[in-house]
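First the structure, in the form of structure tokens, and then the observations on it.
Please read these numbers as outputs of a predicted model, since none were measured by experiment.
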Amino acid sequence: MRINWKDIEIKWRQKWNENKDFETNPNDKPKKFITVAYPYPNSPQHIGHGRTYTLADVHARFYRMQGFNVLFPMGFHYTGTPILGMAKRVEANDKELINNLKNLYGVPEESIKTFVEPVKIASYFHQEIKAGMIEMGYSIDWRREFTTIDPVYSKFIEWQINTLREKNLIIQGSHPVGWCPKDQNPVSQHDTLGDVEPDFTEYILIKFKYEDYIIPTATLRPETIFGVVNLWVNPEIIYKKITVDDEKWIVSAECAYKLEFLDKKITYDGEIKGSELIGKSAIVPHRNESIVMLPASFVESGTGTGMVMSVPAHAPFDHQALEDLKKAKIAPELASLVNKIMPISIIQTEGYGENPAKEAVERFGVKDQSDPKLEEATKEVYGKEFYGGKLKSNTGQFAGIKVAYAKDTIKDWLIKNKHAGILLELTNTPVKCRCGAECVVKVLNNQWFLNYGEKDWKKLATKCFDSMNILPQEIRTEFNYVIGWLRERACARQHGLGTKLPWDKDWIVESLSDSVIYMAYYTISKFVNNGTLKAEKLSKEFFDYIFLDTGDANKISVITGIQENTINEIKKEFQYFYPVDSRHSGRDLVPNHLTFFVLNHVAIFPESNWPKEIVVNGSVLMNGSKMSKSMGNIIPLRKAIQDYGADPIRLAIIISAELLQDADFNMESVSGIQNKIESLFDECSRLKAERLETLEAEDRWIKSKTQNMISQVTLAVEKMRLREALHDILFAFESDLSWYMKRANAKNRSNVSGILHEVNSIRIAMLSPFAPHIAEEMWEKLGHIGMVSTSRWPEFSQSNVDATAIQSEEYLKSTIDDIAKILKVTKITPQKISIYTADSFKSKIYHSILEKIMTGQTNMGIIMKELISSPDTQEIKKNPDFVQKTIKDILSDPTEIRRTKLESMDFDEKSFLVNELAEIGKKEFGVEIQVFSESDSDIYDPKDKARHARPFKPAILIE
RNA sequence: GCGGGAGUCGCCCAGCCUGGUCAAAGGCGUAGGGCUUAGGACCCUAUCUCUUAGGAGUUCGUGGGUUCAAAUCCCACCUCCCGCACCA
């Protein structure tokens with residue numbers, strides 16, 4: 001039957017709503033507090049967002065059915081810059097953006113007009129996203145909803161950030177950022193044309209002296225200062241004379257401009273042509289040695305300072321420029337200076353001789369200094385020397401040190417002796433701001449940082465991680481790694497929506513810092529929404545009392561004007577629900593949000609309120625590739641729900657991959673799921689609850705298998721291996737049931753509805769967290785009273801497991817299998833089939849061998865000896881082949897099966913086959929099947945097959 | 001570079017944690033059959049090689065090792081993907 005997903009979904013959502021099933025208040029049951037990273041409402045949700053929320057919802061619904069009082073809330077993260085950027089683009093009438101809003105996101109024209117106001121964007125998509133979450137059937141307590149610009153939230157963030165500052169975890173310092181000089185604002189990927197991340201690098205400026213000027217040269221390899229033999233100047237460039245702080249420098253105009261942003265005072269004093277510097281000498285700072293300035297065309301004004309120090313032994317460009325100069329027509333005085341220059345080799349690297357630059361240039365066949373091959377040669381020499389090179393004895397105190405270590409050491413030494421400075425420069429120029437201006441690197445010197453580099457803080461966080469449950473386990477090492485490298489992190493910015501820093505109102509709390517302990521806020525947002533709490537009344541004392549349990553309710557009541565018992569009720573709410581039992585998020589938040597979440601919790605809350613668990617999921621691919629606007633393969637979640645129904649989407653997302661894997665989503669799999677659910681639905685509509693008085697073998701078997709399934713599925717869900725759990729519910733059950741039906745049909749049974757009803761009721765209950773709407777409908781069809789989502793999760797009961805039933809059914813299957821195999825190989829059409837089971841002596845031997853193997857003995861010789869030494873079993877020496885094969889049989893069984901076989905020694909193969917094989921065998925093969933024991937006196941055995949019989953492996957004769 | 005993950009039978013993908021039920025689930029594709037006026041959908045059967053008796057051989061990136069037994073554990077190597085910050 002075709003299912004009308006939409007009607008069913010609306011019907012059950014309404015009932016959940018009426019019953020207030022997901023509105024959670026403290027009670028005397030044990031609680032679970034499940035949270036997911038709240039959405040940033042700058043676009044509608046797509047399937048990818050749906051994954052994280054669906055996983056969390058399944059988790060919440062599962063715990064609810066297990067009898068926990070589950071709180072699953074949701075908020076909306078308005079804070080941040082992308083929305084601000086969007087608003088600006090709307091204001092600037094950005095065609096691309098408006099087109100996307102209109103066509104891709106389906107935003108009505110009137111709404112777009114209001115988008116010049118950032119809050120309007122956020123609230124539009126907030127409602128859009130919320131509607132999608134409701135349509136997906138998420139079991140959210142909406143009474144606790146909030147946004148991060150609500151006044152009370154701001155008070156909460158002020159409290160958070162003040163608390164951190166009191167603990168000396170917030171510091172002030174300088175920090176480089178990508179910067180738009182026109183907007184006077186830091187830029188990130190969201191703010192640039194083409195969405196490029198401004199990428200910058202740190203050059204060391206070596207200060208060479210020339211008259212009373214300093215000529216700084218920029219280098220990434222400060223260690224090569226020991227090999228400098230001349231400087232390179234481009235004669236075509238007109239350099240600027242500038243004063244930098246108290247020094248007079250000569251640099252290119254571009255460099256001077258860059259320096260303006262690097263927290264330096266610059267004044268412009270005049271100009272000098274490059275050509276005027278040629279032939280003049282400069283002093284190498286650390287050894288006061290005079291070197292000559294020479295002309296080179298490869299020197300660019302836009303890179304570094306427009307001046308380059310020359311290390312011809314290790315820098316292919318320098319080597320080549322010298323060679324070019326030797327060949328060029330230049331003034332004789334200059335030529336004689338050039339000819340005097342000898343490269344100084346300062347790094348020993350395996351694979352290179354005295355002059356690595358020269359060797360590389362020759363090997364690459366470089367023509368002149370404009371040859372692009374020089375880049376490759378440079379890369380090679382630099383790479384090999386950096387990782388494999390050691391400094392030679394002519395580097396003084398640094399001799400013998402590996403280049404990779406020496407670099408930083410020498411940098412520090414040069415800066416300490418005032419021989420060097422720092423220049424920060426973009427490496428992926430030009431980076432253009434969305435406003436069109438070209439970006440630069442700027443050093444912000446009054447930036448506020450959260451001091452995540454603090455050792456004791458890290459220690460505390462590590463302690464928390466160690467005691468936490470991390471799912472999946474593989475991601476744990478990644479967290480440890482992140483904690484390791486984390487340093488200070490800017491926690492305030494100057495633009496965007498958000499809460500102002502309480503002590504410095506020019507700054508706004510940065511959006512990754514105002515979203516780390518907000519789970520606690522869910523416990524009070526209920527009181528904000530019902531009007532109990534008002535922002536203006538809330539003080540530090542209030543939050544301290546609620547969240548840290550310090551202070552005096554009476555005094556706080558006086559300060560805030562809130563009734564004392566209300567204050568205590570709120571505190572109780574927090575104390576009941578905290579700590580967070582499970583935090584869900586995508587894996588992209590591992591190195592930032594999730595780690596900060598732990599860091600901030602351990603900083604603010606006592607250990608008893610530290611989070612218990614983190615669950616991390618991978619992203620969603622669409623037909624194997626990443627979803628992106630440009631690919632046009634973004635499926636908006638609400639559209640997908642419209643087209644396919646919420647439950648099929650939920651199932652398809654979960655079945656497509658295990659937690660951390662990227663889930664490859666495709667529409668075919670959704671319709672596959674739909675078909676599957678439809679047939680399950682039909683099945684449920686037919687079944688009636690009936691009592692069955694006497695159970696047959698297959699009844700005991702399917703009941704046992706169902707118990708196995710319950711424990712398997714429960715275990716999988718507990719570990720958030722939802723794909724596996726769902727697979728078992730949907731498919732593994734199916735194959736068990738189809739065997740059961742085969743057996744029942746062979747016997748022409750008409751009394752199986754009761755058993756099937758029982759099994760499928762369990763199945764539907766377990767399906768309910770995954771596909772909540774349709775499970776309710778099926779539950780109703782099965783005739784159950786009440787909601788499946790509030791019913792009890794099926795519990796494993798050992799008393800319903802009949803090991804013998806499982807084993808004997810396996811025995812039946814393998815016997816049928818063997819017959820089928822023989823038929824396949826021999827291609828004969830059977831007239832008659834005879835089965836011979838092993839006699840009791842063989843059974844005795846079998847068990848004897850099984851016991852020996854269970855103790856670890858697998859050696860044929862020893863087993864044989866032991867068998868012969870016992871009078872009971874010594875006769876077996878006439879049949880060593882049997883022992884050999886039996887050992888092999890047993891070894892190929894898994895351990896659990898061996899154990900059951902050991903337990904069920906009294907299993908009578910012959911009578912079981914007589915009772916069970918005949919009907920199904922007739923159905924399968926169309927002929928009569930006779931069963932004998934090899935010791936039967938009236939045995940029919942014309943081909944002498946019976947003697948081959950082994951326990952659990954009867955001999956077969958097909959005629 | 002640092003850190004993490006992955007490589008499975010035509011393709012996608014499970015199994016690996018907890019070794020034996022593994023020639024290895026499921027899906028797609030392919031072939032045959034059923035249903036149907038036809039197409040689609042659906043259902044059944046087959047899908048590494050050899051085999052007229054339930055068997056054997058060769059397979060899970062490559063090469064070693066541990067074990068009675070390895071896709072699974074250990075070591076080395078090759079290849080691919082992702083993250084590395086002030087941004088949600």
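- Using a 4.0 Å cut-off between charged side-chain N and carboxylate O, A:Asp818 and A:Lys953 make a salt bridge.
- Using atom P as the reference point in both B:A24 and B:C60, the two lie 15 Å apart (nearest Å).
- Atom CZ of A:Phe596 is separated from atom C1' of B:C87 by 10 Å (rounded to the nearest Å).
- When the C1' atom of B:C68 is taken as reference, atom NZ of A:Lys852 falls 17 Å away, rounded to whole Å.
- As the counterpart of B:C84, B:G1 is assigned, both hydrogen-bonding distances of the Watson-Crick or G-U wobble pattern falling under 3.5 Å.
- Rounding to whole angstrom units, NZ of residue A:Lys676 and P of B:A41 are separated by 17 Å.
- Across all strands, A:Ile887 comes closer than 4.0 Å to no nucleic acid atom at all (heavy-atom distances).
- In this entry the distance linking CG of A:Leu486 with C1' of B:C2 reads 15 Å, nearest Å.
- Backbone-only engagement by A:Lys888 is indicated by non-hydrogen atom pairs under 4.0 Å involving sugar-phosphate atoms exclusively.
- No close placement of the A:Phe125 and A:Phe76 rings is indicated, their centers lying 6.0 Å or farther apart.
- Among the heavy atoms of the strands, none lies under 4.0 Å from A:His593.
- The distance between atom CD of A:Glu724 and atom C1' of B:C16, rounded to the nearest whole Å, is 12 Å.
- Nucleotides B:G40 and B:U59 have their C1' atoms positioned 38 Å apart, rounded to a whole Å.
- Within the 4.0 angstrom heavy-atom criterion, only backbone atoms of the sugar-phosphate kind lie near A:Tyr40; the bases stay farther away.
- Residue A:Arg721 is classed as a base contact, given a heavy-atom separation below 4.0 Å to a base.
- Geometrically, A:Arg583 engages A:Phe597 in a cation-pi contact defined by less than 6.0 Å to the ring centre and at most 45° from the axis.
- A:Pro954 comes within 4.0 angstrom of a nucleotide base, judged by non-hydrogen atoms across all strands.
- Atom name C1', nucleotides B:C74 and B:U67: the rounded distance is 12 Å, in whole Å.
- The side chain of A:Leu891 has B:G20 as its nearest neighbour among B:A53, B:G83, B:G20.
- Under the Watson-Crick or G-U wobble criterion, with both distances below 3.5 Å, B:U79 is paired with B:A6.
- Using a 4.0 Å heavy-atom criterion, one finds that A:Ile958 contacts the bases of the nucleic acid, with or without backbone contacts as well.
- For B:G55, one of the phosphate oxygens OP1 or OP2 lies less than 4.0 angstrom from a side-chain nitrogen or oxygen of A:Lys821.
- Contact annotation: A:Arg493 side-chain N/O to B:A88 OP1/OP2 distance is under 4.0 Å.
- B:U72 is unpaired under the Watson-Crick or G-U wobble criterion, no partner having all donor-acceptor distances under 3.5 Å.
- Side-chain N/O atoms of A:Lys953 include one lying less than 4.0 angstrom from OP1 or OP2 on B:G55.
- Among B:C86, B:G83, B:G4, the nucleotide with an atom closest to any side-chain atom of A:Glu510 is B:C86.
- The side chain of A:Arg723 lies closest to B:A14, out of B:A14, B:G54, B:C87.
- Distance from the side chain of A:His77 is smallest to B:A88 among B:G54, B:A85, B:A88.
- The base-pairing partner of B:U58, taking Watson-Crick or G-U wobble contacts with both distances under 3.5 Å, does not exist among the strands shown.
- With respect to the salt-bridge test (charged N to carboxylate O, under 4.0 angstrom), the residues A:Lys885 and A:Asp881 qualify.
- For B:U36, there is no paired nucleotide, since no Watson-Crick or G-U wobble pair has both relevant distances below 3.5 Å.
- The residue A:Leu512 sits close to a base: some heavy atom pair falls under 4.0 Å.
- Between the CD1 atom of A:Ile470 and the P atom of B:G4 there is a distance of 15 Å, given to the nearest Å.
- Between B:G10 and B:G19, the distance separating the two P atoms is 28 Å to the nearest Å.
- RNA chain B is contacted by both A:Lys943 and A:Arg489; A:Lys943 maps to the nucleotide lying nearer its 5′ end (nearest heavy atom per residue).
- The CG-P distance, from A:Asp588 to B:C82, rounds to 14 Å in whole Å.
- Within the shown strands, nothing qualifies as a pairing partner of B:C13 under the Watson-Crick or G-U definition with both distances less than 3.5 Å.
- The separation of B:C73 from B:G7, taken at their P atoms, amounts to 11 Å, rounded to a whole angstrom.
- Environment of NZ in A:Lys742: sparse, with no more than 12 heavy atoms of neighbouring residues, nucleotides or ligands closer than 6.0 Å.
- Whole-Å rounding puts the A:Gln712 CD to B:G15 P distance at 13 Å.
- Nearest nucleotide to the A:Lys719 side chain, out of B:A53, B:A88, B:U18: B:U18.
- Taking atom C1' in both B:A53 and B:C44, the straight-line distance is 26 Å, to the nearest Å.
- Pairing for B:A31 is with B:U45, a Watson-Crick or G-U wobble pair whose two hydrogen-bonding atom distances lie under 3.5 Å.
- Contact annotation for A:Glu488: base contact, defined as any heavy-atom pair under 4.0 Å involving a base atom.
- Checking B:C86, B:A88, B:G4 against the side-chain heavy atoms of A:Asn592 singles out B:A88 as nearest.
- Looking only at distances, no side-chain donor or acceptor of A:Glu934 sits under 3.5 Å from a matching main-chain atom of A:Ala838.
- With C1' as the reference atom, B:U36 and B:U30 are 22 Å apart, rounded to whole Å.
- With hydrogens and angles disregarded, no donor-acceptor distance shorter than 3.5 Å links the side chain of A:Thr595 to the backbone of A:Pro591.
- Distances shown here put every side-chain N or O of A:Ser515 at or beyond 4.0 Å from the OP1 or OP2 atom of B:A88.
- With hydrogens and angles ignored, a donor-acceptor pair under 3.5 angstrom links the side chain of A:Tyr481 to the base of B:C2.
- Proximity note for A:Ala955 (side chain, C-beta onward) versus B:G83, B:A53, B:G54: the nearest is B:G54.
- Summarising the base pairing, B:A25 is matched to no nucleotide, lacking a Watson-Crick or G-U wobble pair whose two defining distances lie under 3.5 Å.
- A:Arg476 contributes a side-chain N or O that, together with a main-chain N or O of A:Phe465, makes up a donor-acceptor pair within less than 3.5 Å.
- Between A:Lys719 and A:Glu724 no salt bridge is recorded (no basic side-chain N to carboxylate O distance below 4.0 Å).
- B:G26 and B:G33: their P atoms are spaced 23 Å apart (whole Å).
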